[in-house]
**Student:** 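First the structure, which I've put down as structure tokens, then a few questions once you've had a look.
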Amino acid sequence: KESKAEAQESVKEGDNSDYAGMKIVLILPGSIDDQSWNASNNAGAKQCDKELGTKIEVVESVPVEEFEQTFTEYGEKGYDLVMSAGSQFDEACAAVAPQYPKTVYTVINGTKSDSENMVPVFPKEYEGSYIAGIIAGYTTKNGNFATMGGESNLAMVHLLDTYEAAAVEVAKSRGIADAKANRSFLNTWTDVSIGKAMTSQMIDNGADTVFCYSNEATSGAIQATAEKKAKFVGFAANKNTESDCVVGSVDMAWANVYPWIIKGIKSGELKGAQEVGVKEGVFETILTDQCSDECKAAVEKATEDITAGKLDLKQYFSN
Amino acid sequence: MDKREQRKKLSFTNTQSIFDVLFWTALAIILGLVASFIFLPLLGVNPFYAVSVMFSETFSSTFNMGNILIKTAPLILTGLAFAFTYKANLYNIGAQGQFYAGCICASTVSLSLGGKMPGFVVILFSLIAAVLGGAIIGLIIGFLKAKFNANEFLISMMSTYVIQYVMQLLLRTLLQESKHEYLKTDYLDKSTWLPKILPGTSVSLGIVFSVLTAIIAWYILYRTSMGYRIRVTGLNQDAARMSGIAPRRQYMIAFAISGAMAGLAGLVEVNGMQHMLLTGFDTQIGSYGIGIAILANANPLAVIPAALLFGFLQVGGTALGHASDAPASVIDLLQGFVMLFVLMSFFFRRKIELDRLKKKKVQEGGEVA
Amino acid sequence: MNNLTNLLTRAFFMSTPLVLGALGEVIAERTGMMVTAVEGIFLIGAWGGFIGAYISGNIWLGFLIAMFCGLTVAALYALTTVYMNQHQIVMGTAIAILVSGFCTFFYRVIFGIQTTPLKVLVLPNMEIPILSKIPFLGAIIFSQNMITYCTYILVPIVFFIIFKTSLGLTLRSCGENPEAVDAAGLNVRLVRFGAVLVAGSLGGIAGAYYSLCNVGMYTSEIISGRGWIAFGICFLGNWNPLGALIFGIVFGISEAIGIYVKALGLSTIPSELFSALPYILVIILTVCRKELRVPNRLGAKYLKEN
Amino acid sequence: MEKKILVELKHVSKRFAKVLANDDVSMEIKEGEVVALLGENGAGKSTIMKILYGLYHATSGEIFIHGEKRDISSPKEAIASGISMIQQHFSLIPAHTVTENIILGHCKGKIDYKAKEKEIQDLADKYHFAVNAGEYVKNLTVGAQQKVEILKALYLNSKILIMDEPTAVLTPQEAEILMQFVREYVAKGNSVVFITHKMKEVMEVSDRIIVLRNGRVSGTINEEEVKSVKETELVNMMIGHALEVLKSPGGEEENPKVRFSVSHLSIIPKDEVPILSDVSFEIRGGEVLGFAGVSGNGQQELCEAIYGARTINTGEIVLDGEDVTHLSITERIRKGIGYLASDRYKYGMVSDMSLSENLMLKASYLERWVKHGIIQWKKVNQDTEKIIADYKVKAPDYSVNIGSLSGGNQQKLVVAREVDMGRNLVIFDQPTRGLDLGAINYVHKTILKEKELGKSILLVSTELSEIFALSDRIAVLYKGRIMGIYRNGEISTDRIGLLMAGVGEKEATNG
Ligand SMILES: Nc1ncnc2c1ncn2[C@@H]1O[C@H](COP(=O)(O)OP(=O)(O)OP(=O)(O)O)[C@@H](O)[C@H]1O
Ligand SMILES: Nc1ncnc2c1ncn2[C@@H]1O[C@H](COP(=O)(O)OP(=O)(O)OP(=O)(O)O)[C@@H](O)[C@H]1O
Ligand SMILES: [Mg+2]
Ligand SMILES: [Mg+2]
């Protein structure tokens, strides 16, 4: 929220022409209408254009084999800032960035910073998912949670870990002693059918609260949840409007973060690997009326605790 | 008409037909471009601007032109993979899977030996591994065809999906990077990277491998008895059998060689360009290979320019996507239309050739064949 | 028991488009035409079906448009393979690439860039009065959607046409010896063209099943290889509509079992194995089924010089 | 009485891309007559009839049926006009039943198979065709398949039946039955166009003869003249000159050295009647052993067994004192065994390959043109050119596809190759089937030349005249057994005919 205010200030100050002169590109691994990761990053770029007057070029659907080439291309063209969204860009970025010291490379979701001009921004997704877990804990009736991820990478495992921990803890506190979570991986980000079939199977297996973090496949999961009359907790985008079965979403509001990044880089304040989380306003929790007041309170408290650094979420990591 | 005269006529028709091939192919490509660009205004992109950007961006720097070669290198190999079996009347549409097998083998060897031995030794071992990996998958398909008369088309199609999941499994377990974060391997040791050969570009030795392979494939098919036997089997397997050529063995040989070439493409991509293995990359390389082989009429040497064309379309299409609001899907549209029109041009070319022959006969008058 | 019922219900639900696609494929392949454009046809069916249903708000109009889209792609395929003598496998590949580009491109042309998925209500299930009350089977077979029932009905109809009518005799003859069909005064190319169009229409509906019956939305990965499975089922079913039905159900079950095991979240068995299950199954079954009777001229061009 | 004209072709020309197949052909078909169409390979006989049947479209010219100008654009119209055609290569579907084959295209809606089968069975019985209407065509002999083709025409009540080389694949007995049928059919007022290369049949059955050469009508023999016309006249019309006369064998002194022998060879498939049982014979150097017999009595299997293309149950095969029984085809080729298979298109050549590539066919494992796995194309091409010259193959050069040559010229090249490969033994299986007189002459000359070179030659033919013309000794094969081996001249045609039909005891061999 803070950054937004700041941004508005700067617009007033009228120095946005500075930003307009910046050559910025955002490289996305998927299609900007994937309704998830790519879409929300694209929204971030659009927010900057609006707020700061930048003209960010967005390059979508860049296949893995072209990452290095693409980074090189924009280094060659002398861009000021090359942003990319996805940890899979880390290595390619590390390989290219040192050759173009004048260009700043930012990998959203990245962690690698080998050279001066690499400014990865890592969202602590596990913080957001912890909050999502709390929502789930208050939603469940039988304490049986289904969790799904697009593929099993470390960040995914961690965020599912905290989600499950929170959900089970809350459910137990509500007197559901045998609360448990069941986790599986779709092995696809995009196949809606598989998302749907897996979800309905997991609900058949007893789950009543579903969490699924992948791209297009998530829609399949929501669809199945609605059909099977279970509940869904959205993540990484605002899924509340998609179906009544979504009780709440923890949105990754890149629109809040992108201007902050660009300003930081412009001013030269932002250096080295960055981690952003609840505190920086990456996560926006949007609850529906289906959530109880108790739940709302718990979410608020958790948000405060995390912001204040009172919660050690890493304790929940399974590895 | 004496013999010499007849020969002269023959060579005349040859130059005529070379001209025809070039003319019709060029026409098809232009039509393909037109057909795909005609829709761009719907997304607010000026098609004339698109064409100019596509060419100017692609040829604006050595670096970008180098990219064409980078794209071309593996495409030549997967194109060859299809062309080679096509000659034996077999359809290896599983080059994608064999390519992945090559990738897996190359990266495994490079990762485990990289840094422990001189770079070129590791590259050599990786090359052998990649070629063997692809060849073995090919051989299995050929074997199933030979032994069980299984439909190789179906099996090679399915094998791609299976190998893709095997690769995903390996990347999640044995081959996963040391951070154990993502479904990919560590970076290969720098010493195992294929050396760059053109300054100012990222073009690696891979393109040399590819071109050499094309020449070797051509030589094998048309100059060696092994290739001759493969061709005979493809054209008439009963005659082959009656001539002491065991068709089943030829199937296996053809598939193994085909797989080996696709496997080599894996090395070219992994050690030459990507320098690591990750999921979901080059997912269309097998299909493009088929298109290229067809464009080249399955002639191994003609595969080289055909692959160059596809390389150009991809680089040009990407440049277009970067420089305008044209979506990435325009590349597929481009390639699809070009393939479609090239295939159609085969038909028209042949038709016109026949008509011309007829007309010539009529002019020659009463002479009867 | 309940779990088993659910699993089988899902299996039947998922087998429908496979059976439908395979039925079309059977009709075409009986005339010697492998419709290798099947992936493309499925995809454009899913695409057209969704767009039609979304814009018109009528799901049946969606299916109609899907059928038309599948038919159009099939017509392109048949034009080039039947009348222009191009190679079937090669043409299929070209069309697959073209269609995937086309669908993605025009989805954006029509809808622009969306941040939330566009959805339509999926085709609801319909319990058949009395029959759905049959214990066990009633829930599995007679509580599906309209398209599934139509598919069940289509199987015997196609069987009857292929094996009991003069049209069927002509179809089968085209795949065995087109010269003979020609000599009998029939138009081989027309028969093949028509058969491919039928396969295209059925394939289009099958594709739309994914967007309109299954998930109610369209994504570019919605088919991802399922068309090929239908293609394989046609082979395994021995070019017989009943075989297509049986193997379609086998694949539905295998997919459902794969999902079932994956959903258990067992870490001991690699879940990739289950993802690959249908493909492995096709390979194993093709190798094992020895009695397959391939139409004699399947995939071969019919060159006629006159 | 003047017969009514049913069909008239006027100035029909047909141009394919590479050839002018018919050039201003005019002819007529009258009611109740047999018109014989004669001509060399490629003279345009099949083409003109395919035009009449609607399979090809004429480049120019007109067709009149019952005096009315008709545009026959597909067989559909021809069939409607009462024309049926039995093509050179049958157009049957092996995987379908006799009934299905016959009703294809001539039924509507739901098919009542039982009724149709009965209808067709009745039709077959009426003409005394021993064909089972419910049987699958693939299970039928060639003779029976032809009856199915004829039944198709009868089923459609055709008035005009075109038969393209109907006897080429038949045994003499079957051919005789066919002739009988033709006579009866015509007697009912129908007409037949009979295409053939065999003079005997022409003389026997035809009311009128039309000879084609190079796509043009080169002669017509009218009804009155048919009885008196001489074979040599016809030959002259067909090829434009008289045939050379061959020096027939026999009477020469005998080379005492046995170069090749087969002993006690049997092929007995599991649970089936033996294909070959206890076949023994030997062939000396410079000797031709002719195998007479109705086709399908084990000739092809015998050749394949000797060549190594078929596994045998018992027996020993010895070439020049060396046991070759267990050698592979490649090794036998290396030992100098040549084999001209009867089905040239299937086994003998690769249509889409050049002449030199076809010459290479059996030598891919030999060192002759291959060094370290690399083919010396220059040498192959030179050798091909030499064969083209020596055998007078009508081809521009070595690089054209063999498929673009006419049948006779294809056969010349294949014969040349086998003769070349077979340094010691050459097996000729039906070497002249479907060839025209000129080409036959050439093949016969080659066989005699090879014999003079001291090779052993095994000749299989269903044409007795060919056997008599070329063989030193004659063996008769019946149901996989040798009925006897005789010196040429020691046995009469009648006697051989009986043996071929299985009449006569097995006699002491090696006369
Ligand atoms: N479909 C075709 N396309 C091109 N050329 C053809 C075709 N059919 C026949 N020809 C050519 O037309 C000429 C006449 O052929 P046709 O088959 O009529 O000869 P034919 O008299 O029947 O010979 P045969 O006695 O060998 O059957 C030949 O030179 C042949 O090469
Ligand atoms: N569909 C076709 N397309 C091109 N050429 C053809 C076609 N059909 C036949 N031919 C050519 O016609 C010629 C002879 O054809 P045809 O079928 O009459 O054989 P043939 O020479 O008469 O021998 P045979 O009597 O043994 O059949 C060959 O040169 C062949 O290549
Ligand atoms: Mg012929
Ligand atoms: Mg003929």
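Chain A is the first sequence line, chain B the second, and so forth, proteins listed ahead of strands; every chain is numbered from 1.
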**Student:** Side chain from CB out, backbone as N, CA, C, O: work out which of these in B/Y91 comes under 4.5 Å of a heavy atom of chain C, or both, or neither.
**Tutor:**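 Contact with chain C is through the side chain of B/Y91 alone.
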**Student:** Does any backbone or side-chain atom of B/I93 lie under 4.5 Å from a heavy atom of chain C? Answer side chain, backbone, both or neither.
**Tutor:**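 Interface part for B/I93: side chain.
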**Student:** With a 4.5 angstrom heavy-atom cut-off, could you sort out which part of C/T36 is near chain B: side chain, backbone, both or neither?
**Tutor:**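 Looking at C/T36, just its side chain touches chain B.
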**Student:** B/Y86 versus chain C, heavy atoms under 4.5 Å apart: side chain, backbone, both or neither?
**Tutor:**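 For B/Y86, side-chain heavy atoms alone lie under 4.5 Å from chain C.
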**Student:** For C/F105, is it the side chain, the backbone, both or neither that has a heavy atom under 4.5 Å from a heavy atom of chain B?
**Tutor:**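 Backbone plus side chain of C/F105, per the 4.5 Å heavy-atom cut-off to chain B.
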**Student:** Given that the side chain runs from C-beta out, which part of C/V282 has a heavy atom under 4.5 Å from chain B: side chain, backbone, both or neither?
**Tutor:**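 Contact with chain B: side chain only.
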**Student:** At a heavy-atom separation under 4.5 Å, does B/L343 approach chain C through its side chain, its backbone, both, or neither?
**Tutor:**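 Its backbone and side chain both get close to chain C.
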**Student:** Looking at every heavy atom in both B/F347 and C/Y83, which two are closest together, and how far apart are they?
**Tutor:**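 Closest approach of B/F347 to C/Y83, heavy atoms only: CE1-O, 3.5 Å.
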**Student:** With heavy-atom distances below 4.5 Å as the criterion, would you say the side chains of C/T93 and B/Y288 are in contact?
**Tutor:**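 No - every pair of side-chain heavy atoms lies 4.5 Å or more apart.
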**Student:** Among C/V99, C/T104, C/L98, which one satisfies side-chain contact (heavy atoms from CB on, under 4.5 Å) with B/L333?
**Tutor:**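 Option passing the side-chain contact (heavy atoms from CB on, under 4.5 Å) with B/L333: C/L98.
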**Student:** For C/F235 together with B/F153, are the ring centres under 6.0 Å from each other?
**Tutor:**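 No.
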**Student:** Please determine whether the number of non-hydrogen atoms from other residues, nucleotides or ligands lying under 6.0 Å from atom CZ of C/R297 exceeds 12.
**Tutor:**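 For C/R297, atom CZ is crowded (more than 12 foreign heavy atoms under 6.0 Å).
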**Student:** Tell me, out of B/K351, B/M157, B/Q168, who's got the most heavy-atom pairs with chain C below 4.5 Å.
**Tutor:**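 Heavy-atom pairs under 4.5 Å are most numerous for B/M157.
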**Student:** Non-hydrogen atoms of chain C under 4.5 Å away: do they reach the side chain of B/L170, the backbone, both or neither?
**Tutor:**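 For B/L170, no heavy atom lies under 4.5 Å from chain C.
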**Student:** What is the distance from atom CD1 of C/I89 to atom CZ of B/F82, rounded to the nearest 0.5 Å?
**Tutor:**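 Separation between the atoms: 6.0 Å.
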**Student:** Side chains of C/R108 and B/S329, heavy atoms from C-beta outward: is any pair under 4.5 Å?
**Tutor:**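 The answer is no, as the side chains (C-beta and beyond) never meet within the 4.5 Å cut-off.
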**Student:** Select, from C/N85, C/V90, C/T286, the one with the greatest count of heavy-atom pairs under 4.5 Å involving chain B.
**Tutor:**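 With the most close heavy-atom pairs to chain B, the winner is C/V90.
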**Student:** To the nearest 0.5 angstrom, please state how far the CE atom of C/M91 sits from the CG atom of B/L340.
**Tutor:**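 Result: 4.5 Å between the selected atoms.
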**Student:** Step by step, work out the ring-ring contact (aromatic ring centres under 6.0 Å, His included) result for B/F346 and C/H87.
**Tutor:** CA-CA 11 Å; B/F346 286 164; C/H87 198 281; over 10 Å; no
**Student:** Check whether B/L169 gets within reach of chain C through its side chain, its backbone, both or neither, counting any heavy atom under 4.5 Å.
**Tutor:**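 Interface part for B/L169: both.
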**Student:** Rounded to the nearest 0.5 Å, what separates atom OG in C/S275 from atom OH in B/Y161?
**Tutor:**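 Atom-to-atom, C/S275:OG and B/Y161:OH are 13.5 Å apart.
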**Student:** Does any heavy atom of chain C fall under 4.5 Å from the side chain of B/M344, the backbone, both, or neither of them?
**Tutor:**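 For B/M344, backbone and side chain are both near chain C.
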**Student:** For the CG atom of B/L43 and the CZ atom of C/F106, what is their distance to the nearest 0.5 Å?
**Tutor:**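 Spacing of CG (B/L43) from CZ (C/F106) equals 8.0 Å.
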**Student:** Would you indicate whether the side-chain heavy atoms of C/I97 and B/M339 approach each other to under 4.5 Å?
**Tutor:**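 SC-SC contact between B/M339 and C/I97 confirmed.
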**Student:** Nearest 0.5 Å, what's the CD1-CG distance between C/I283 and B/L154?
**Tutor:**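 Interatomic distance, C/I283 CD1 to B/L154 CG, rounded to 0.5 Å: 8.5 Å.
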**Student:** Above 12 or not: heavy atoms from other molecules or residues under 6.0 Å from CG of B/D355?
**Tutor:**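 Yes - once you tally the heavy atoms of other residues, nucleotides and ligands closer than 6.0 Å, there are more than 12.
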**Student:** Can you name the closest pair of heavy atoms from C/M84 and B/F348 and give their distance?
**Tutor:**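 Heavy atoms only, the tightest pair is CE-CE1, 3.4 Å.
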**Student:** Find the distance between OH (B/Y165) and CG (C/L277) and round it off to the nearest 0.5 Å.
**Tutor:**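 So the OH of B/Y165 and the CG of C/L277 are separated by 11.0 Å.
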**Student:** Which atoms form the tightest heavy-atom contact between B/Q284 and C/S100, and what is the distance?
**Tutor:**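 B/Q284 and C/S100 have their closest heavy atoms at NE2-OG, 4.5 Å.
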